Engineer: 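Below you'll find the structure I mean.
Computation of the quantities below employed the complete heavy-atom set of this structure, encompassing side-chain atoms and omitting hydrogens, waters and symmetry-equivalent molecules. Only a predicted model underlies this, so the values are computations on that prediction, with no experimental measurement involved.
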2 protein chains.
Amino acid sequence: MLVRPATLEDRDALWRIIEPVLRAGETYALPRDWGKAEALEHWMAPAHEVFVAELDGAVVGTYFIQANQRGGGAHVANCAYMTDARATGRGVARAMCAHSLDHARSRDFAAMQFNFVVATNERAVRLWQSFGFAIIGRMPAVFRHPTHGFVDALVMHRTL
Amino acid sequence: MLVRPATLEDRDALWRIIEPVLRAGETYALPRDWGKAEALEHWMAPAHEVFVAELDGAVVGTYFIQANQRGGGAHVANCAYMTDARATGRGVARAMCAHSLDHARSRDFAAMQFNFVVATNERAVRLWQSFGFAIIGRMPAVFRHPTHGFVDALVMHRTL
């Protein structure tokens with residue numbers, strides 16, 4: 001597994017990963033009907049440092065890291081991760097999370113926080129917990145899941 | 001007290017309120033050195049519906065309301081409020097919070113959430129609690145306060 005900075009040439013590969021996640025609407029509070037341009041404008045926003053994970057030469061995952069807040073909150077990092085559904089179970093998310101923690105330390109962030117982990121995304125919750133993230137907030141019914149209805153979302157945090 | 005939609009003609013009055021709050025750096029995770037253009041671009045962003053509070057014909061407070069998330073999270077409102085320091089203690093924040101709750105209901109939001117209430121801002125915490133907001137998350141040391149150092153911030157939430 002190679003995790004490297006994304007380039008503009010990764011745009012098609014990124015969209016192949018992002019589109020099904022958006023369309024499913026199960027894990028991210030983003031518009032399900034976004035097109036490629038809107039999705040990539042969000043994912044590759046100027047404030048985001050974007051990485052991709054490669055397995056056997058194919059891009060199978062992506063994440064971005066940014067400061068979670070500005071001003072007095074800029075010492076805390078925030079990340080978002082997406083894995084190609086066809087590569088599930090091969091450690092892609094784990095490799096990206098490990099990479100993001102190392103990278104956040106290298107940028108002198110003091111902590112990392114996820115602001116909106118959909119509680120039904122149990123695989124992700126367990127993975128973040130295995131990396132030392134604690135649930136420090138539970139927001140009731142703040143996410144409308146396409147099959148489960150209104151579900152909670154979690155704030156997760158760890159120091160670096 | 002009159003609370004009404006802000007117009008472009010309120011820009012100078014808004015900046016008179018926002019600038020000291022930014023410079024103090026005690027309550028908002030925003031750059032302390034922002035100029036008028038950057039601050040108003042943020043406060044009056046297209047996604048924000050902005051209001052002002054008037055007392056004796058003078059603008060003494062402002063707030064904006066927006067959807068806190070997109071997609072599956074768009075049923076929860078988010079607001080930010082600022083009061084002119086010279087009008088403190090005259091019920092400006094209370095009037096704006098009451099207005100914002102009514103307005104959120106009129107827009108069919110199901111809940112309201114504040115994502116980053118600096119814990120040392122006790123006056124605000126007590127005010128939101130008096131309006132029925134509960135502390136549903138406590139983020140440790142995520143805000144660097146200019147005099148208190150690293151302090152916690154709170155997630156506060158109530159249904160509508």
Engineer: So, do B:His42 and A:Arg70 sit near enough that their side-chain heavy atoms are less than 4.5 Å apart?
Structural biologist: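 In contact.
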Engineer: Step through the shown structure and confirm whether more than 12 heavy atoms of other residues, nucleotides or ligands are within 6.0 Å of CD on A:Glu41.
Structural biologist: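 Not buried by this count: 12 neighbours or fewer within 6.0 Å.
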Engineer: What are the residues of residues 90-128 of chain A, in order of number, with any heavy atom under 4.5 angstrom from a heavy atom of chain B?
Structural biologist: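 Within residues 90-128 of chain A, near chain B: A:Gln113, A:Phe116.
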Engineer: Do the side chains of B:Ile65 and B:Val59 join up, straight or via other hydrophobic residues, at under 4.5 Å, putting them in one cluster?
Structural biologist: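 No; tracing contacts between hydrophobic side chains, which count when under 4.5 Å, never links both residues.
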Engineer: What about B:Phe131 and B:Met156, same hydrophobic cluster or not, with Ile/Leu/Val/Met/Phe/Trp/Tyr joined at side-chain heavy-atom distances under 4.5 Å?
Structural biologist: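 Yes; tracing contacts between hydrophobic side chains, which count when under 4.5 Å, links both residues.
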Engineer: Applying side-chain contact (heavy atoms from CB on, under 4.5 Å), run through A:His157 and B:Val142 and close with a yes or a no.
Structural biologist: CA-CA 10 Å; A:His157 173 282; B:Val142 295; 4.1 Å; yes
Engineer: With respect to chain A, which residue among B:Phe143, B:Trp34, B:Tyr28 yields the maximal number of heavy-atom pairs within a distance under 4.5 Å?
Structural biologist: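 Heavy-atom pairs under 4.5 Å are most numerous for B:Phe143.
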Engineer: Using the rule that two of Ile, Leu, Val, Met, Phe, Trp, Tyr join whenever any of their side-chain heavy atoms come within less than 4.5 Å, decide whether A:Phe64 and A:Val52 are in one cluster.
Structural biologist: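 The answer is yes; both residues are in one hydrophobic cluster.
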Engineer: Let's test your reading of the structure: which of B:Ala134, B:Pro140, B:Gly25 forms the most heavy-atom pairs below 4.5 Å with chain A?
Structural biologist: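 Heavy-atom pair counts peak at B:Pro140.
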Engineer: Checking heavy atoms, do the side chain of B:Val76, its backbone, both or neither come under 4.5 Å from chain A?
Structural biologist: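 For B:Val76, the side chain is the part near chain A, not the backbone.
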Engineer: Give a yes or no on whether A:Ile135 and A:Leu160 share a hydrophobic cluster (residues Ile, Leu, Val, Met, Phe, Trp, Tyr; joining criterion: side-chain heavy atoms under 4.5 Å apart).
Structural biologist: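 The answer is yes; both residues are in one hydrophobic cluster.
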Engineer: State whether the number of non-hydrogen atoms from other residues, nucleotides or ligands found under 6.0 Å of A:Arg158 atom CZ is greater than 12.
Structural biologist: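 More than 12 within 6.0 Å, yes.
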Engineer: Assigning hydrophobic clusters by single linkage (Ile, Leu, Val, Met, Phe, Trp, Tyr; side-chain heavy-atom cutoff under 4.5 Å), is A:Tyr81 placed with A:Phe51?
Structural biologist: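 Same hydrophobic cluster.
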Engineer: Provide the closest heavy-atom pair for B:Ala29 versus A:Gly73 in the form atom of the first, atom of the second, distance.
Structural biologist: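 Of all heavy-atom pairs spanning B:Ala29 and A:Gly73, the closest is CB-N, 4.1 Å.
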Engineer: Can you confirm whether A:Arg86 is buried at CZ, in the sense that more than 12 heavy atoms of other residues, nucleotides or ligands lie under 6.0 Å from that atom?
Structural biologist: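 Check fails, neighbour count at 12 or below.
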Engineer: Got a second to check how far A:Ile136's CD1 is from B:Ile136's CD1, nearest 0.5 Å?
Structural biologist: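 Output value for this atom pair is 11.0 Å.
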Engineer: Closest heavy-atom contact between B:His75 and A:Ala141?
Structural biologist: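 Between these two residues, the closest heavy atoms are NE2-O, 2.9 Å.
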